Amino acid sequence: MAVRINDIAPDFTAESTAGTIRFHDWLGDSYGIIFSHPRDFTPVCTTEFAAVAQLAAEWQKRKTKVIGVSVDGVSDHEKWKRDIEAFGGAPADFPIIDDTSLTVAKAYDMLPAEFYLPTEGRTPAHSATVRTVYIIGPDKKVRLTMTYPMSVGRNFAEILRALDAVQKTDGVPLATPANWVPGQDVIVALALNNEQATERFGELDIKLPYLRFAKV
Ligand code: BEZ
């Protein structure tokens, strides 16, 4: 079954490049991003993991732990990390889960509609997980999901922007407009009338009765 926004992110115990991970314990009170990719030692995946590695300081600034998943084993992940660093110029210091059992892939519904994964003789054509992303809040609830096909590399600048938007609006009656980036005005939820909204967020920029911006 699909993992939906507001579901508790499935908990699991798995081996990883950082040892045994008990997922919820590992998250602690941080935000988390768990993302899957089809295979180690493949071109698009290498560019994606390099992009995540290059953003290490940004994840840390946002108190967000990142963790990768694939159906390859830890020893492959360890070898592949060297290629990621050689390509991207930054160490892939985040854990990568060994999901050869497909436990995590199935719990998070990371598999495409049709997949075939032989136990032996696997090649990159036998990819399993597609490119999924789950942003998880400190309460362990899923805040955002996205799924890209195998042929389309993700835009991690967008994932960072979406994380900023999630953190900006978490637990407050605010929302971000289309194409919002940090520093821009945000939308005040309709749950507040104009007076309540002004009292809480200061002067409003009222474009339409139901579209009111505030500088927050
Ligand atoms: C890639 O990331 O480039 C890739 C992944 C799976 C199969 C083929 C290519």
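Bear in mind the structure is a predicted one, so any value in this text is a computation, not a measurement. Whatever order the structure lists ligands and atoms in, that order sets their numbers, starting from 1. Count residues from 1 along the sequence.
Not a single N or O atom of Met150, backbone or side chain, sits closer than 3.5 Å to an N or O atom of ligand 1. In terms of polar-atom proximity, defined here as any N/O pair under 3.5 Å, Arg39 makes no such contact with ligand 1.
Scanning for side chain to side chain contact (heavy atoms under 4.5 Å, CB included) contacts around Asp76 gives Asp40, Phe41, Asp72, Lys79, with sequence neighbours left out. Among residues two or more places apart in sequence or in another chain, the side chain to side chain contact (heavy atoms under 4.5 Å, CB included) test is passed with Val130 by Pro112, Thr132, Thr147.
No more than 12 heavy-atom neighbours from other residues, nucleotides or ligands sit within 6.0 angstrom of CG on Asn179.
Annotation for ligand 1: atoms under 4.0 Å from non-hydrogen atoms of Pro43 are 1 (C), 3 (O). Against a heavy-atom cut-off of under 4.0 Å, Pro38 is close to the following atoms of ligand 1: 5 (C), 6 (C). Near Cys45, meaning under 4.0 Å from one of its heavy atoms, ligand 1 places the atoms 1 (C), 2 (O).
Ring orientation note: the planes of Tyr134 and Tyr108 are nearly perpendicular, at an angle over 60° on the 30°/60° scale. Ring geometry for Phe23 versus Phe12: interplanar angle under 30°, hence parallel rather than tilted (30 to 60°).
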